[in-house]
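Take a look at the structure set out below.
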Number of protein chains: 4
Amino acid sequence: TILKSARCEAFRTEEGRRKAHQALLENEVDALVVIGGNGTFTGAMLLARETGFPIIGLPGTIDNDLSGTDFTIGFDTATNTVVEAVDKIRDTADSHNRLFFVEVMGRDSGFIALNTGIATGAVAVMTPESGLSIQDLVDILNLGQASNKTSSIVIVAEGHPEGGAFEIATKVHAIDNKYETRVTVLGHLQRGGDPSCADRVLASRMGVAAVEGLLSGKKSVMAGVVNDQLVYYPFEEAVINKTATLEDEVRIAKILSI
Amino acid sequence: TILKSARCEAFRTEEGRRKAHQALLENEVDALVVIGGNGTFTGAMLLARETGFPIIGLPGTIDNDLSGTDFTIGFDTATNTVVEAVDKIRDTADSHNRLFFVEVMGRDSGFIALNTGIATGAVAVMTPESGLSIQDLVDILNLGQASNKTSSIVIVAEGHPEGGAFEIATKVHAIDNKYETRVTVLGHLQRGGDPSCADRVLASRMGVAAVEGLLSGKKSVMAGVVNDQLVYYPFEEAVINKTATLEDEVRIAKILSI
Amino acid sequence: TILKSARCEAFRTEEGRRKAHQALLENEVDALVVIGGNGTFTGAMLLARETGFPIIGLPGTIDNDLSGTDFTIGFDTATNTVVEAVDKIRDTADSHNRLFFVEVMGRDSGFIALNTGIATGAVAVMTPESGLSIQDLVDILNLGQASNKTSSIVIVAEGHPEGGAFEIATKVHAIDNKYETRVTVLGHLQRGGDPSCADRVLASRMGVAAVEGLLSGKKSVMAGVVNDQLVYYPFEEAVINKTATLEDEVRIAKILSI
Amino acid sequence: TILKSARCEAFRTEEGRRKAHQALLENEVDALVVIGGNGTFTGAMLLARETGFPIIGLPGTIDNDLSGTDFTIGFDTATNTVVEAVDKIRDTADSHNRLFFVEVMGRDSGFIALNTGIATGAVAVMTPESGLSIQDLVDILNLGQASNKTSSIVIVAEGHPEGGAFEIATKVHAIDNKYETRVTVLGHLQRGGDPSCADRVLASRMGVAAVEGLLSGKKSVMAGVVNDQLVYYPFEEAVINKTATLEDEVRIAKILSI
C-alpha cells in the first residue's frame, strides 16, 4: 500500500512523487491498490494525475466520512468496540445522579458517536456537526432525569467544539453540580481489534472490485458500496467529506434518548 | 411480542387466534409489533386477516432468509460470533493435512455459511443451496493443497443435503484418508451473545419504523431495509424464503478460496 | 447484600446500624453474607460488634488490595478487560516515537497496573507505590528506545502521585518532546463485563465457604483464599490494605520491559 | 521450542535424538526451554538423560493435568473461552424441557469440564473420572426439573466413557424422551484465542523462572507454581498425570447444581 509513502514528507512534493513513480516502474509494479482515507487518496490522485499510473483506492478509515461509499472498511469494527466498552460501563451505571462521559473518535465527523449512541441508548450524543452547547446538554440531562431515564451515558466525539469528554464533563458539573461525573477516553483502542464479519466481507468485496476494476481499465477511482451495490467513484469526489447524511440517525437518536 | 403464543399449539387454530384477539382487546392493546421469522409472520398474517387487528412485523432471525429486507435483526451478531470462533480454531490450524469442519446454522439457507466463509478465508463452504457433493469438496481440497493454500477450514451449513459437519468429515475421510479431520459444531451459541452495533442500530431504525408505520395507518406489513432505505413489505411476500441473491457472495468466496 | 446500606449515610452512625439490625430481625434473617471491600467490611464489623449479628464477608473488589486473601472476586475479570483493551491499542502502536498512556484503576494500589503491565509487555508501569518520578519514566523510555524495544505502552494507575495518564503524558512531553503521546482512560469499563471463569469459580468456592462457615458457627470473618486454600480471616485484619507483596511482580515487570 | 521435533517420528528414537543434540551443538545453543505437556517432557527427559543437555520445561497444556504445578499455561484461557460460549447458549436456554449438551476438551481429565461447569451453573458435569452413568445423569436431570432448576446445560468432557456429547444426548433421549436435546461441540476453538491476563502473567513468571533456573545450574526439571510459589519439579514426576485433586471442585459443583 501507499500508506507509508503518503505519510512521508517527501511524497507531498512533486519531486517525491516522481521518485515513488520511478520506484514502482523499477519494481515492475503494474498498478496500485491504495487503502486509506482523505490523505491517502489525495496523494494517490496527485501521483496518478502527474504520471498516469493506474491506481484504485479502497475506503479504509474508521470514521466513515468518505463520499462515494456508504461504509468504509473499519467503521463496523470500531463501532462494535465502542459498544462493548459502553456495555461494560453501563453494568455499573445504576446510580441516579452519576453521569458517564465516553469519548469516541471523530475529529470532524459524528458517525461513530451517533451510531454507538443509538446502539447503547445514550441519553445524549455530542457530535462535531450537531452544534449542541453545554446548556443544551444540561437541559437534555434534566429532561432525562424527569422522565426517569435510567441511562446516564453521554457519548462525546473527540472533535466537539466544546472540547473532549473531560472538558465537557467539567463544564456540565460547573453548571449543575448535582451530577457526579465519570470519564472514559477510548482513544486508539478503537483502531485495533479483530475485524468484524461485515468489515471482512466488505473488504473482500472491495478487494475483488479493485482487481476487476484494474483489469477492465479503470483508474483514479475509489471502489465503494452504495445502497449495497459496488460503485467506482473518482478520487476528486471521494475526498470531499461526507456530512449531510446523518439526519435519519440524529432523528432516531433523539427519539430513543427521551 | 407474539413469540410465545406463536409457539403455542392453540395459536395454530382459528379458535386459538380468536382467544388471542380477545385477550388483546381486554388488555386495551391498540396494535402489535411482532419480531421473528416465517412462523411468527404466518401467525401474525392469519390473526390480522381474521380480525383486522393492526400488526407490523420486524424481521428477527439469524438466518437472514426473509424476503423484503436486506438484513434481519440478529444476522450480523451471529456472523460475528461464528467468525470469532473460527479465528480461534485457525490459531492452531497450522498442520498441513489437518482439516477443520465448522458447522454453522442454516437449515435452508447458506447466508451465515457464505458470509463467514468469505470472512474467514475458508477453503470451502457447503451451503444447502450449493449442490456441492463430497467429491466436489475433495477436489476443491486437493486443489487447495496443490496451490499451497494454508487455510484448512471448511464451513458447513447444518442443512447441507450430505449431512452435518460430522457426517461430511467422515465421508471426506472415507474418500481420501490423507486428511485428518477435526469437527466443531457451534450450535445454539450462534443465537446468543450481546448484539453487535449494526444489529442494534438496525433494530432501532426498524422499531421507530414500526411505531411510525402504525401511527400512519399501516398494517399487515413487515418493516425492512432494502438498499439502506426503510421499506414496508406485505406479510404475504415476506414469508417467501429468499434464496436467489447469493450469486455475488458465491463468486467472491470462490475467488478468495483458491 | 449490605452494599446499598453501606453506602447510605445513616449506616455510618450507630443509630443507623441499630435500625438495620431491627430490620434484619423483623425479616427473620438468620445471618448476613456481605460482599465488598474495606467500606463494606468496616460497616459489617461495626454492626457485628454492636449487635452480635452473625456476618461473614466475601472479598469483592477489582483492586485486589485486601489482606487475608490472594485474590478478590472481580480482579481477574478486570485485568482481562484491561489486557484486551491494550491489545487493541497495540495493533496500531507501530510508530517509533509514539507513546500510548493507558490509565487503569487503582487509587492506592498497583495490582491491576502491574499485572496488566506484565501481561501486555508495557515499557513502564506507574503504580501508586512505586515512587517512579517523571524523570525516571523518561529515562526508562530512552533506554527502551536505545534497545529497540518495540512496545510503546505505559500503564498508569489512576492514583499515581504525579497524576493521571493525561497529566503524566503532558509532563513527559514537556521534558522530552520527541515523543508524540496518545492517552486512553479506561475508567469504569473495568468494573463491568461478564466475569471470567476464574472469578466465577472463586466466587462459588467462597460462597460455599460462607454458608458452611455460618453453619459451623463462624462470624465476623472474611472468607479468603491463600495459597489456594480456603481460610477465614477476622474483619479487623482484612481491612488493612495489602501493599508489601508486589516485589515479585515488580521484579518480573522490570526484567520483561527491558 | 522442541515442539516440532517432539512431534517428529525420528525424535522418538535414540538415533533421532542424537541428531537433535548434534544440531543444538552446531548452532551453539547453550540450553533448551521446552513448553508443552506429557509428550514434550518425555522427549525432553530422554534427550537430557542421554546427552546431559541442560533443559528446563514449562507446563503448557490447556488440560491442566500435569503434576508439579497448580496451573498450566493455557488452562485459564481455555476455560474463559468455554464460559463465553456457554453464556451465549444460555441466552436461549429458557425452554423447560430443552437440554443443551456442550462438549469440551479433556481426553483423560475433567479439569476444564468441572471448572466451567461450576462457572456456568451447569446442571451436570460428565468427566472422564466421575464414573457417572447415563442413568445417573437422567436422575440428576429429573431432580433438577423437580426443584425448578432453570439451567439446562450439561458439560461433557470429550473423554467420557459413554462417548461425546452427541452420543450421550442420544442415550439420554432414549431413556427419557421428554427432553429435547441440542448439542454444541467446541473442539479446537478451545485451543486458540488471545491468552488471558492470568495466563500471560503465569507464562512470564515461569519464563523468568526457566532462565534463572538454567543460570543457577538447574536442569531436567519443570518450573511450576504450587500454592502460588515457584517450584522446580523433576521431569520424571511431572509426566505423571494429575487426577486426585478434583474432590473440592466436585463437591462444589454438586452443591451448586442442585
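Chain letters run A, B, ... following the sequence lines, proteins first and then strands; every chain starts at 1.
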Exercise for the section: Just give me the residue among A/V86, A/L189, A/V183, A/D194 that pairs up with chain C most often, heavy atom to heavy atom, under 4.5 Å. Expected result: A/L189
Problem - Residue pair C/L186 / A/T184, side-chain heavy-atom distance below 4.5 Å - result: no
Exercise for the section: Taking atom types as modelled, find out whether A/D136 and A/S133 have a side-chain donor-acceptor pair closer than 3.5 angstrom. Expected result: yes
Practice task
Determine whether the side chains of A/T77 and A/D199 contain a donor N or O and an acceptor N or O closer than 3.5 Å.
Solution key: yes
Problem - Interface moiety of A/E84 toward chain C, non-hydrogen atoms closer than 4.5 Å - result: side chain
Fill in the blank from the handout: Honestly, the part of A/R182 sitting under 4.5 Å from a heavy atom of chain C is side chain
Tell me which donor-acceptor pairs under 3.5 Å the side chains of residues 165-176 of chain A have, and how far apart each pair is, sequence neighbours excluded?
{"from": "A/E167", "atom 1": "OE1", "to": "A/G164", "atom 2": "N", "distance (Å)": "3.3"}
{"from": "A/T170", "atom 1": "OG1", "to": "A/F166", "atom 2": "O", "distance (Å)": "2.8"}
{"from": "A/K171", "atom 1": "NZ", "to": "A/E162", "atom 2": "O", "distance (Å)": "2.9"}
{"from": "A/K171", "atom 1": "NZ", "to": "A/E162", "atom 2": "OE1", "distance (Å)": "2.9"}
{"from": "A/H173", "atom 1": "ND1", "to": "A/Y179", "atom 2": "O", "distance (Å)": "2.9"}
{"from": "A/D176", "atom 1": "OD1", "to": "A/K178", "atom 2": "N", "distance (Å)": "3.3"}
{"from": "A/D176", "atom 1": "OD2", "to": "A/K178", "atom 2": "NZ", "distance (Å)": "2.8"}

